[in-house]
Amino acid sequence: MRRIRLLVAFCLGALSVDSMANEISLADDEQWRSLLHFDRGGFFEAPRSAVIDSNFFLAPNGATDPTAELEATLNAFREDPKSMEAGAHALCRFPARALWISRMTGEQWPQGAVCPDLDVWKERYQDASVGLVFASGYLGNPASFFGHLMIQLTPSAAESKEWVDATQLLDTSLNFGADVPATDGLAKYMAKGLLGGYEAKFSNAPFYRNTTIYSEREMRDLWHYELALPDWDRQLLILHLYEILGQDYDYLFLTQNCASRIARTLEVVVDTDLTAGSVAWVTPESVIRNIGTINSSSGNSNSSDQPLLKSVTHVPSRRLITEQRYRALSSAEKTAARRIVPRTDHLDLTRPEYLALSPKRRAAVIETLQSHVALLRDTQPQATYPDITRRLQLERLGLPPGQQSENTQTSTPIHEATPSSAIRAQGIYNNVLGSGLRLTIRPLHYDLMDSEATRMPNAALEIGTTKIDLGYGNPKLREFTLFSITNLYTQHVPLPASPTLAWHASAGIARSALDCNNCLDGNAKLLAGKSSQFGSHIPFALIGGQLRTQRHNDGALAPMAQAGLLSHWASRQRTLLTLEHADALQGRSSRSTHWNIQYRLALNNNLDIRVEAQGDDDARELAAGMSFYF
């Protein structure tokens with residue numbers, strides 16, 4: 001009998017040692033660490049979870065010790081749920097952990113846990129497909145300069161067959177955003193966003209709410225990227241999304257943002273670093289580009305040769321819908337549209353140009369105007385818009401049914417657009433300094449010469465652009481742009497609209513004149529004015545001021561004016577002409593005039609040729625070379 005007891009004790013001890021070894025092995029598994037969002041830390045900081053909400057952990061030190069969290073999770077899962085309140089058992093809170101551990105160990109959990117919230121989530125989404133939604137950039141909010149990324153869950157076809165809108169407006173979007181107090185001003189917002197101080201979390205809402213905000217109010221195009229995940233990976237990810245809803249995370253504009261957090265969430269089932277790139281920050285665009293180049297696989301399931309990206313669907317903004325509908329009208333219909341709405345506060349449905357059209361063509365005109373007024377109502381509210389909207393609706397009800405055919409404009413999804421980082425080499429000739437070579441490095445994002453509708457048309461956003469001149473002796477810094485933002489706010493259709501403001505803001509250091517190598521001065525510009533669109537040409541005029549250092553200038557504050565013409569000659573050719581004058585009103589040394597002519601020929605998405613001529617009061621300069629985008 002004693003021998004039997006010793007043998008049993010030995011076997012139990014061996015099983016305990018094996019179990020402990022297995023638990024330690026599981027705790028080191030990358031997928032377990034992904035489930036805990038263990039992606040923070042660095043050279044001087046121990047690894048830890050990006051989740052800062054204590055409710056996400058079962059061990060007191062679970063945020064810094066994945067082994068302790070695994071042990072606490074196993075103990076919690078093994079507890080008898082029968083005496084617990086509904087939703088209180090760990091199996092209700094962490095279904096993805098339970099599914100993953102069961103797959104890895106074969107362990108089955110106690111039955112009887114009552115999980116009403118989890119049951120509702122599983123009933124709605126257990127067969128849902130998973131995708132991402134990319135919203136193009138928005139210059140009205142620094143956190144949205146580079147676009148925005150959301151996770152989208154689309155119920156199966158069986159559940160959504162009665163939904164008539166192909167954009168699946170009743171889908172669920174999971175949005176990751178910072179909790180910013182309304183009292184925080186712009187300076188505090190930027191400082192805390194860059195250096196830390198905000199918390200963020202995932203929230204879920206019907207997709208139509210995000211469409212209203214991004215597409216209707218902010219005029220941002222949306223792209224839905226459906227992912228091709230193996231079924232077990234898809235189920236694990238959907239359960240993990242339930243786990244992280246409402247949990248608090250660290251937040252930083254450049255590194256701990258919507259793009260990086262969604263990428264880390266997807267890495268629970270994608271065995272690839274989705275934030276890998278050539279720069280230290282993470283943007284929604286870089287994550288989408290990485291997704292477009294890999295296959296669907298996970299660290300604990302069989303790899304698949306199927307591309308992770310299954311399909312891409314474009315959801316155009318209200319601005320683009322209006323533009324497409326207007327372009328689809330005939331010349332007579334365009335004239336009628338302009339006549340019956342001559343001003344933003346006036347609607348005249350008795351105009352002869354309108355009444356001369358057939359009922360079917362009048363319907364096309366009314367649908368175009370309905371879209372245009374909806375755009376104005378969301379972006380430039382006026383008291384007259386509700387009445388005009390009502391009258392247009394009544395007029396449309398009296399016309400034949402049917403839908404206007406739109407002149408569909410091809411839109412390039414962001415992962416196929418020109419990359420945002422660039423390096424440029426140019427040969428230069430300066431009539432005072434001679435010949436040389438210029439190297440330009442632009443980490444982010446686009447300028448007026450390579451902007452496109454995928455990001456934001458007729459706008460520019462450059463961060464950290466650096467120009468270095470070689471050949472005039474030692475290498476010399478010619479210019480460093482901390483940031484440069486331009487929005488021309490052009491009106492895309494000749495229908496009445498409230499006045500809009502074109503503007504430019506920038507800060508950095510640059511040479512104060514073209515005839516010198518050692519005359520760097522700091523400057524900050526703020527300009528505002530008007531722009532118009534005439535076919536493929538956009539003239540603009542801006543006025544404002546320049547704040548500058550006085551090492552090589554007289555006058556710290558100089559009133560300033562700028563005029564320009566941006567021309568789109570073809571899909572791959574553009575020119576930009578600008579004339580700029582600043583005068584601090586302190587004599588000749590405080591006054592300067594500068595002109596610039598640029599030409600761009602895009603060879604493909606990664607290469608272009610640029611030619612530039614410029615001059616000021618002291619010298620003339622010509623540059624020509626090639627850019628590589630990456």
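Here the structure is a predicted model, which is why all the values come from computation and not from measurement. Count residues from 1 along the sequence.
- Closest heavy-atom contact between Ser260 and Val282: N-CG1, 3.8 Å.
- Heavy-atom minimum distance, Ser173 versus Gln152: OG-OE1, 3.8 Å.
- Remark: side-chain polar atoms of Thr466 are paired, donor with acceptor, to backbone N or O of Gly464 under 3.5 angstrom.
- Shortest non-hydrogen contact noted between Ser420 and Arg442 is O-NH2, 3.2 Å.
- No donor-acceptor distance shorter than 3.5 angstrom exists from the side chain of Gln573 to the backbone of Ala570, with no hydrogens or angles considered.
- For the residue pair Asp221/Ser317, the side-chain donor-acceptor check at 3.5 Å is satisfied.
- A distance-only check finds a donor-acceptor pair linking the side chain of Gln533 to the backbone of Gly535 [under 3.5 Å].
- Electrostatic pairing of Glu323 and Arg327 counts as a salt bridge here, judged by a charged N lying under 4.0 Å from a carboxylate O.
- Counting only distance, with no hydrogens or angles, the side chain of Asn606 and the backbone of Tyr629 share a donor-acceptor pair below 3.5 Å.
- For CG of Leu194, the number of neighbouring non-hydrogen atoms (other residues, nucleotides, ligands) closer than 6.0 Å is greater than 12.
- For Leu355 against Thr350, the heavy-atom pair with the smallest separation is CD1-O, 3.5 Å.
- Here Leu565 contributes atom CG and Ile538 contributes atom CD1; the two are 9.0 Å apart, rounded to the nearest 0.5 Å.
- Taking the six-membered ring where tryptophan is involved, the planes of Tyr251 and Phe176 are tilted, since the angle between them lies from 30° to 60°.
- The closest side-chain heavy-atom distance from Phe134 to Leu222 is not below 4.5 Å.
- Between Leu376 and Gln382 the shortest side-chain heavy-atom distance does not fall below 4.5 Å.
- In this structure, His415 has its ring center under 6.0 Å from that of Tyr225.
- The number of heavy atoms from other shown groups lying within 6.0 Å of NZ (Lys530) is above 12.
- Residues Arg362 and Leu357 share a closest heavy-atom pair of NE-O, 3.2 Å.
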### Query
Does the side-chain hydrogen bond (donor to acceptor under 3.5 Å, both in side chains) test come out yes or no for Tyr326 and Arg338, once each step is laid out?
CA-CA 11 Å; Tyr326 184 83; Arg338 294 193 298 268; 2.7 Å; yes

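- When only modelled atom types and interatomic distance are considered, Glu612 and Gln598 share no side-chain donor-acceptor pair under 3.5 Å.
- Ring-centre distance between Tyr189 and Phe253: below the 6.0 Å cut-off.
- Under the salt bridge (charged side-chain N to carboxylate O under 4.0 Å, His left out) rule, Asp450 has a single partner from Arg572, Arg610, Arg574, Arg424, which is Arg610.
- Side-chain contact between His240 and Val269 is absent, with no heavy atoms from C-beta onward closer than 4.5 Å.
- Shown here for Lys192 and Leu252, the closest heavy-atom pair between the two residues is O-CD2, 4.5 Å.
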### From CA spacing to verdict: side-chain contact (heavy atoms from CB on, under 4.5 Å), Asn257, Phe146
CA-CA 11 Å; Asn257 51 31; Phe146 308 111; over 6 Å; no

